[in-house]
Amino acid sequence: MTSSEHRRQRRRNPAPYILGAVVLILIVYYVVVAASGILQSSTAVKVSGDNKQSAQTYLTLRMSTQDVDLTNRVIQANVLPIPHGRLVGQKAGEIAATLRIEVSSGGVTTSVVTFPGESIVDATALTLSLDRGDTDYPFDHPFANYQLSVQDDETGQPVPFALEVSNSARPWVLNAHRSAASVEGKRTLYPVTIEGSRDALSVTLVLFYVLAILLTTLMAVVIIGSAIIRRKLEFSNVIWLSATLLSFPALRSAMPGAPPIGTALDFIILFPCLCLIAGMLVWTGAYLLWRESHVLRTRHVVDDTAAAAAAETAAE
């Protein structure tokens, strides 16, 4: 067997194994997506606690959250009362009794809705105050504590109700809890807590962006450090550092549901990386400026062509 035949020996093609591994990873990914409920279209929110009604005459308060605004620390929602039993009017969508619904959030009564008897009920907008904001982005868990009171406006008697919560605020996953009633004066108050968390997809995207910032910073440290040791710093290094410094804030703003600057993620990841890149940019720029300005700071300029010709003449 000749040497050329040795060089042309057949070897196993790795492409089918790579393709099989990619297909397997995709299958696992789709199984995880289907099992996690990310694509679930239902907006129903489970309400735990004392939320069942055994009486035939009661009210269903259907609350739909529209937006979770962390900047203003509020939850925007709509509430629609649905009567049952003797509260049902003669016409479709009509309520028989005069009802008074009060919502207390943030220690004050934020909304008072009165439905006159024999009137058509419509959804009413509510604003609920958040008790915690976005300091732990993307793992923040804002929640709102509020109290509900439903009573007959003519007799002053409390009206039993069941709470239904739906979530239209993406990308938030909400949970609700209704506690036991408490009596304050002539009102029977039911404490309710709505707690939210970001969905798995948003958290995954944020973590990917964070990983990109960290890897880019480490790459900059390694590249600039190697150039310094080898004494091969170039102007392209300055351009790359400048682009990296400008891209980090844009990448931070592109994160899903990115809150204003000042969260824990900024102090742990963004600010240290920006400081490292800025420090290397300033040092590299100053070094190159001093090195390349040498020809402007000297009185005599060495003509490399003439020097080379003189060296050749002397050698001959």
Side-chain angles (χ1 to χ4, degrees), residues 14-15 17-19 21-22 25-26 29 33 38 69-71 133-140 170-171 198-312:
Y17 298 97
I18 297 175
L19 181 61
V22 171
I25 292 174
L26 287 177
Y29 168 76
V33 168
I38 295 177
D69 188 355
L70 295 182
T71 303
D134 53 0
T135 56
D136 298 329
Y137 175 82
F139 302 105
D140 40 1
R170 298 296 301 269
R198 300 183 188 274
D199 60 6
L201 181 60
S202 299
V203 174
T204 302
L205 290 176
V206 172
L207 294 180
F208 174 77
Y209 288 141
V210 169
L211 181 62
I213 292 175
L214 290 175
L215 289 179
T216 305
T217 303
L218 293 177
M219 289 171 57
V221 172
V222 171
I223 292 175
I224 298 303
S226 301
I228 292 175
I229 294 175
R230 298 175 181 177
R231 300 181 182 274
K232 293 183 178 180
L233 279 178
E234 300 177 354
F235 185 65
S236 60
N237 300 127
V238 179
I239 297 177
W240 188 63
L241 289 176
S242 301
T244 303
L245 186 64
L246 295 176
S247 66
F248 280 178
L251 195 61
R252 161 69 168 76
S253 301
M255 294 180 182
I261 293 293
T263 64
L265 180 144
D266 298 324
F267 289 98
I268 297 175
I269 303 296
L270 183 63
F271 294 160
C273 292
L274 286 177
C275 290
L276 281 173
I277 298 296
M280 289 187 293
L281 175 62
V282 171
W283 189 91
T284 305
Y287 174 81
L288 289 178
L289 181 63
W290 178 260
R291 189 186 70 182
E292 298 301 327
S293 64
H294 174 72
V295 67
L296 302 177
R297 291 182 283 106
T298 57
R299 294 186 176 182
H300 302 282
V301 178
V302 178
D303 190 347
D304 296 336
T305 304
E312 291 180 358

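One-based numbering along the sequence shown. Everything numeric here is computed off the predicted structure, so don't read it as measured data. The figures that follow rest on heavy atoms only: side chains count, while hydrogens, waters and symmetry mates do not.
Proximity of Leu265 to Val206: side-chain heavy atoms (C-beta onward) are separated by under 4.5 Å at one or more points. Contact annotation: the side chain of Ile261 approaches that of Phe271 to within less than 4.5 Å [non-hydrogen atoms, C-beta and beyond]. Inter-residue side-chain proximity for Thr263 and Asp136 is flagged as unmet; no heavy-atom pair is nearer than 4.5 Å.
Checking side-chain atoms of Ser293 against main-chain N and O of Trp290 turns up a donor-acceptor pair under 3.5 Å.
Among residues two or more places apart in sequence or in another chain, the salt bridge (Lys or Arg N to Asp or Glu O under 4.0 Å) test is passed with Asp266 by Arg252.
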Side-chain donor-acceptor pairs under 3.5 Å in residues 221-235, sequence neighbours left out?
residue: Ser226; atom: OG; partner: Val222; partner atom: O; Å: 2.9

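Contacts classified as side-chain hydrogen bond (donor to acceptor under 3.5 Å, both in side chains) and involving residues 201-220 (residues at least two apart or in different chains) are given here: Asp199-Ser202.
Taken to the nearest 0.5 Å, the CG atom of Leu211 stands 7.0 Å off from the CZ atom of Phe208. Taking CG of Leu274 as the start and CG of Leu246 as the end, the distance is 10.0 Å to the nearest 0.5 Å. Between the SG atom in Cys273 and the CG atom in Leu245 there is a gap of 11.0 Å [rounded to 0.5 Å]. Atoms CG and CD1, from Leu218 and Ile213 in turn, are 12.0 Å apart once rounded to the nearest 0.5 Å.
When Asn237, Ile239, Leu241 are each tested for a side chain to side chain contact (heavy atoms under 4.5 Å, CB included) with Leu281, only one passes: Leu241.
Of all non-hydrogen atoms in Pro138 and Val203, the two that sit nearest each other are O-CG2, 3.9 Å. When all heavy atoms are compared, the tightest approach of Trp240 to Ala220 is CZ3-CA, 3.3 Å.
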